[in-house]
Amino acid sequence: MSDNANNRQAALDYHAFPKPGKLEVRATKPLANGRDLARAYSPGVAEACIEIQNDPATAALYTSRANLVAVVTNGTAVLGLGNIGALASKPVMEGKAVLFKKFANIDCFDIEVNQSDPEKLADIVCALEPSFGAINLEDIKAPDCFTVERICNERMNIPVFHDDQHGTAIVVGAAATNALYVAKKKFEDIKIVSTGGGAAGIACLNMLLKLGVKRENVWLCDIHGLVYEGREVDMNPIKSEFAQRTDLRTLDDVISGADMFLGLSGPNVLTSEMVAKMTNAPIIFALANPNPEIMPDAARAVSPDAIIATGRSDFPNQVNNVLCFPFIFRGALDVGATTINDEMKIACIEGIAALARETTSAEAAAAYQGEQLTFGPDYLIPKPFDPRLVGIVSSAVAKAAMDTGVATRPIDDLEAYKIKLDSSVFKSALLMRPVFQAARSVSRRIVFAEGEDERVLRAAQAMLEETTERPILIGRPDVIKRRMEKTGLTLKLGDEVDVVNPEKDPRYRDYWETYHGLLARRGVSPDIARAIMRTNTTAIGAVMVHRGEADSLICGTFGETQWHLNYIEQVLGRDGLRAHGSLSMMILEDGPLFIADTQVHRHPTPEQLAEIAIGAARHVRRFGITPNVAMCSQSQFGNQGEGSGSRLRRAIRILDAENHDFCYEGEMNIDTALDPELRKRLFPQNRMEGPANVLVFAHADAASGVRNILKMKGGGLEVGPILMGMGNRAHVVSPSITARGLLNMAAIAGTPVAEYG
C-alpha cells in the first residue's frame, strides 16, 4: 500500500474509531438520584426558566449559552474541496468544534445547513441567537459569505465572525507585522501584490489597510488578471474598491518592486522570474492549500533572503486560523461582547505577533520537536500548541471589547482574568499562585545540578520572566550556549545567570577542600574529593548551598533519587538537616491530592510516618489549602493486627501525644479516605470531615504507585516531589519532570526558609 493510501486510511480510521465522529455531549451536573433529576428537570428547572424570563442576562449564569459557539456552514466552499455540500462538510465542522474545545475550552455545536440562498441562510442563523453566545460562520462561498455576515451582524446582538475572512486576516496581519519587523520595513511604505479576490483575500487586504498599508499601494489580481478601473469581467463592489487606474493588466506586469506578495488563490501562480523582480528581502505569503502559489525552495533559489509563509504545516510559518479563532472567541464570550470589532481583531494581531517575539514555551517546543522555534524569518508567528496564547490573546481581546464599549459583562481585574486563563492550560498555575507570591518576597539563588538540560534552561528563562530568583547552572558553558542557540533562549550567562563549570572553575579548590573537610572522617580522601568536585554536579550544588553561595539546590532530572539524596545528606546533613520524606501534589480534574512519602523512606517507621504527616501538613498550607491527612493502609481502623496498619496506628499515637493543629485520621483504605460517607458508615466516630487531601502511605512502593497511576492514567499533573525536612535547601525531582514542573519547584525552593521547612 502506498504512503498516500496509508495516510488516507489512517485519517478515516481516526474519524471512525473507537466511536464515529470527533464530538460527544457530556453532562456538567450530577444526575445520580431522584433529587438530581428534580433539579435538572421538572420541577426545579422552572426556577431557572423564570429567572431568565425576568432577566435575559441571567442566561449566562443558569445555562451554558455564554460558553457556547455554533459553527455554521452550508458547505459551499470547504477547505480545498470546494462546494461539497452541507453533509460532506460535517467532518470539517466537527474538527473546528474540537479545536474550540482543545485550545480555549469553548463548547461548540456544528450546524450544517442545506441552504444556498445567502439571505435565507442568514435568516436561519439569526433564529439561532437564543441558543448561542456567538456564531462562527465557516466555509461559505464568496460573495455570499459577505451577505450572510452583514445581515447577521445587523440583526444579532452576539458576535458573528466569518473565520475564513477574519481569522485568516488576523493571522496574516500578525505574520506580516513580524515579517516587516524582520525586514526592517513599515506598513505605510510597502507595495503589496495580491492574488485571490475571494473572501479571505479581500479580508486580508482590508486588515492590512487598517494596519497602515496605503490603498494605492495594493495591487489585486485574480484569475482574470489585475483588478483595474473599468474592468467588467467577474467584478463586484468589494473587488472594485481595490481597482487601480493603470494600463497594466497581469500579475507579471505589477509584481516589479513589490515588497510583499499575498497569495490566496491557487498553485504555481507566482513564478521564480516574478520573485526576482521583487525588492530585497521580499515577503512572500503563498497561502493556497495544499499547493502554494510558489514552493519555498523555488522562491529562495532566486531570492535567498525571502521571508516566506505558507498554509502548510510541513514548512515554516504556517498561517493557521487556529492561532486566532479560539482565543478571540474566548475573550469575546467572557465579557459578553455584542460583536467582534476591528479593535478586538487588532488586539488579537498584536498579541499573536508579540508572543512570537518572546522565547518559545517548553510546551510548544515539546509539541514540535526538531523544529527551530526562534523568532526570525522562519518563525514569524507562534505555534498553535503554545499554551500562552489563550492568556495573552484572549485578555487583550477582552480589554479591547471593554475599551470600545461592546462588553456587556466587563471584567474588573484583567490580571486576575489572565491568571485564570493561564490556569486553564497550566493546570498548576492557580494552585501555585500563593507559592509564587511568597517567592517574590525575597530574591533567592537556585542552583540546578543538571544545568545543561534543555528543561532546566527553559525553566531558568521562565524564572527570570516570572520570579525574582537568580538561576545558577552547573554545566559546561559551551554546551549551555549551544543548547540556548538551538532553543532560542536568551539567557545572559554571567549577567542574569551564574554558571559553574565543573571542568574549569576558579572555585574548584575551595569546593573540593570544603567537601573533603566535611567527609574526611568518612573515608573521603583529597583525591576522591577532587574527583567528585569535577564530576558530581549534585555534590557541587550541595557544597554551594552549604557554603552559602546558593540558597537551594534542585537536582534529579536524571538518575536515581537515592543516589542524589546520598550526596545531599552527606553535605547538608552536616548542617543539621535530615530528609523526612517527599511530597507530591497531584493536580486532578476535581482538585489537588497530595501523596507522601514517594521516594525517601522505603519502609518508614512509626516515628518517620509521624514526621511525614507533620511535614506534609506544613507544606500543604503553603498552597493555601487546609490539610486533611489520611494514613493509608490495607488495614482499616485496626481490622488487621500486623503489617503497615500496625506502624500507622503507632504513628497516630505519636501524633496524638503531641499537640498538632491539623486533622489526621487512620489507618484506612484509600477509598475510605476519599469518601466521607463510606468513612462515616465504617467508623462513625472518626475525626475527619470531608474527603482527605493528603494520603500518607507506610510503603514507598504504594505511594509511588498511586502517584504514577494518577499521573499516567488519571490525567494528574505532578508538582514536586518536595523534599521535606531539608529546610527548603534541596529538592530531588523525578526524571519525568517538565520545564514547567522545574519552574514550579524553583518557586517552591524560592520561598523563604522560615516559611517552608
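- Side-chain contact between Val125 and Leu137: present, with at least one pair of heavy atoms (C-beta onward) separated by less than 4.5 Å.
- The environment of Glu24 atom CD is dense: over 12 non-hydrogen atoms of other residues, nucleotides or ligands sit within 6.0 angstrom.
- Rounded to the nearest 0.5 Å, atoms CD1 (Ile340) and CZ (Phe161) are 5.5 Å apart.
- Under the 4.0 Å criterion applied to side-chain N and carboxylate O atoms, Lys186 and Asp189 are not assigned as salt-bridge partners.
- Counting only distance, with no hydrogens or angles, the side chain of Glu293 and the backbone of Phe285 share no donor-acceptor pair below 3.5 Å.
- With respect to the salt-bridge test (charged N to carboxylate O, under 4.0 angstrom), the residues Glu154 and Arg150 qualify.
- Interatomic distance, OG1 of Thr177 versus CD of Glu350, reported as 8.0 Å (0.5 Å rounding).
- Using a 4.5 Å heavy-atom threshold, the side chains of Gln115 and Asp123 count as separate.
- Of all non-hydrogen atoms in Tyr379 and Pro382, the two that sit nearest each other are OH-CA, 3.4 Å.
- Between Pro290 and Pro292, the shortest heavy-atom contact is O-CD, 3.7 Å.
- Between Val397 and Phe327 the shortest side-chain heavy-atom distance does not fall below 4.5 Å.
- Between the side chain of Asn236 and the backbone N or O of Lys239 there is at least one donor-acceptor pair closer than 3.5 Å.
- Nearest heavy-atom pair across Val182 and Pro377 is CG1-CG, 3.9 Å.
- Checking side-chain atoms of Asn136 against main-chain N and O of Val71 turns up no donor-acceptor pair under 3.5 Å.
- Here the CD-CE distance, from Glu129 to Met156, works out to 4.5 Å after rounding to the nearest 0.5 Å.
- Ion pairing between a basic and an acidic side chain is recognised when a charged N comes within 4.0 Å of a carboxylate O; Lys96 and Asp110 show no such pairing.
- Atoms CG and CZ, on Asn6 and Arg8 in that order, are 12.0 Å from each other to the nearest 0.5 Å.
- Looking at heavy atoms from C-beta onward, Asp305 lies in side-chain contact with Ser303 at the 4.5 angstrom threshold.
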Using side-chain contact (heavy atoms from CB on, under 4.5 Å), reason through Ile124 and Lys120 one step at a time and then give a plain yes or no. CA-CA 6 Å; Ile124 293 170; Lys120 291 181 179 179; 5.6 Å; no

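- Between the side chain of Ser272 and the backbone N or O of Val302 there is no donor-acceptor pair closer than 3.5 Å.
- Other residues, nucleotides and ligands contribute only 12 or fewer heavy atoms inside 6.0 Å of the CD atom of Gln53.
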Report the C-alpha separation of Val193 and Leu251 in whole Å, then their side-chain angles, then the decisive distance to 0.1 Å, and conclude whether the side-chain contact (heavy atoms from CB on, under 4.5 Å) test is met. CA-CA 8 Å; Val193 174; Leu251 173 63; 3.4 Å; yes

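- Between the side chain of Ser394 and the backbone N or O of Gly391 there is no donor-acceptor pair closer than 3.5 Å.
- A donor-acceptor contact under 3.5 angstrom links the side chains of Asn74 and Thr76, judged on distance only.
- When all heavy atoms of Ser395 and Leu421 are compared, the closest pair comes out as N-CD1, 4.0 Å.
- Looking at Asn289, its side chain does come within 3.5 Å of a backbone N or O of Gly311 through a donor-acceptor pair.
- Heavy atoms of other residues, nucleotides or ligands lying less than 6.0 angstrom from CD1 of Ile223 number 12 at most.
- Ring-plane geometry between Phe329 and Phe100 is classed as perpendicular, the angle between the planes exceeding 60 degrees on a 0 to 90 degree scale with a lower cut at 30.
- For Leu12, the CG atom is densely surrounded, since the number of other residues' heavy atoms within 6.0 Å is greater than 12.
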side-chain contact (heavy atoms from CB on, under 4.5 Å) between Phe325 and Leu99: does it pass, once the steps are laid out? CA-CA 9 Å; Phe325 70 82; Leu99 297 179; 3.8 Å; yes

Could you walk me through whether Asp334 and Lys420 pass the salt bridge (charged side-chain N to carboxylate O under 4.0 Å, His left out) test, one step at a time? CA-CA 12 Å; Asp334 287 340; Lys420 180 182 177 182; over 6 Å; no

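- Scanning all heavy atoms of the two residues, the minimum distance from Leu209 to Val213 falls at CD2-O, 3.3 Å.
- Heavy atoms only, all atoms of each residue included: Gly201 and Leu264 are closest at CA-CD1, 3.7 Å.
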The test is side-chain contact (heavy atoms from CB on, under 4.5 Å); show your working for Asp259 and Ile283 and say whether it passes. CA-CA 6 Å; Asp259 298 279; Ile283 298 167; 5.9 Å; no

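- A heavy-atom distance below 4.5 Å is found between the side chains of Met278 and Ile255.
- A donor-acceptor pair under 3.5 Å is formed between the side chain of Lys191 and the backbone N or O of Val254.
- No donor-acceptor contact under 3.5 angstrom links the side chains of Ser89 and Asp139, judged on distance only.
- At a threshold of 4.5 Å between non-hydrogen side-chain atoms, the residues Lys102 and Phe385 count as touching.
- Judged by distance alone, the side chains of His162 and Asp164 do bring a donor and an acceptor atom under 3.5 Å apart.
- If you take CZ on Arg388 and CG on Leu355, they are separated by 4.5 Å, rounding to the nearest 0.5 Å.
- No hydrogens or angles considered: nothing links the side chains of Asn157 and Thr338 as a donor-acceptor pair under 3.5 Å.
- Panel note: side chain Asn320, backbone Pro384; no donor-acceptor pair is recorded below 3.5 Å.
- A donor-acceptor pair under 3.5 Å is formed between the side chain of Lys22 and the backbone N or O of Pro91.
- Put simply, the side chain of Thr58 never gets that close to the backbone of Leu61: no donor and acceptor are under 3.5 Å apart.
- Around CZ of Arg249, the count of heavy atoms belonging to other residues, nucleotides or ligands within 6.0 Å exceeds 12.
- Judged by distance alone, the side chains of Thr279 and Lys185 do bring a donor and an acceptor atom under 3.5 Å apart.
- Side-chain atoms of Val406 and Val335, non-hydrogen and from C-beta on, never get closer than 4.5 Å to each other.
- With no hydrogens or angles considered, no side-chain donor-acceptor pair links Asn317 and Arg312 at under 3.5 Å.
- To the nearest 0.5 Å, atoms NZ (Lys383) and CG (Leu323) are separated by 9.0 Å.
- Side-chain contact annotation: His166 with Glu149, donor-acceptor N/O pair under 3.5 Å present.
- A heavy-atom distance below 4.5 Å is found between the side chains of Ile352 and Ile170.
- A donor and an acceptor atom, one from each side chain of Asn105 and Lys101, are located under 3.5 Å apart.
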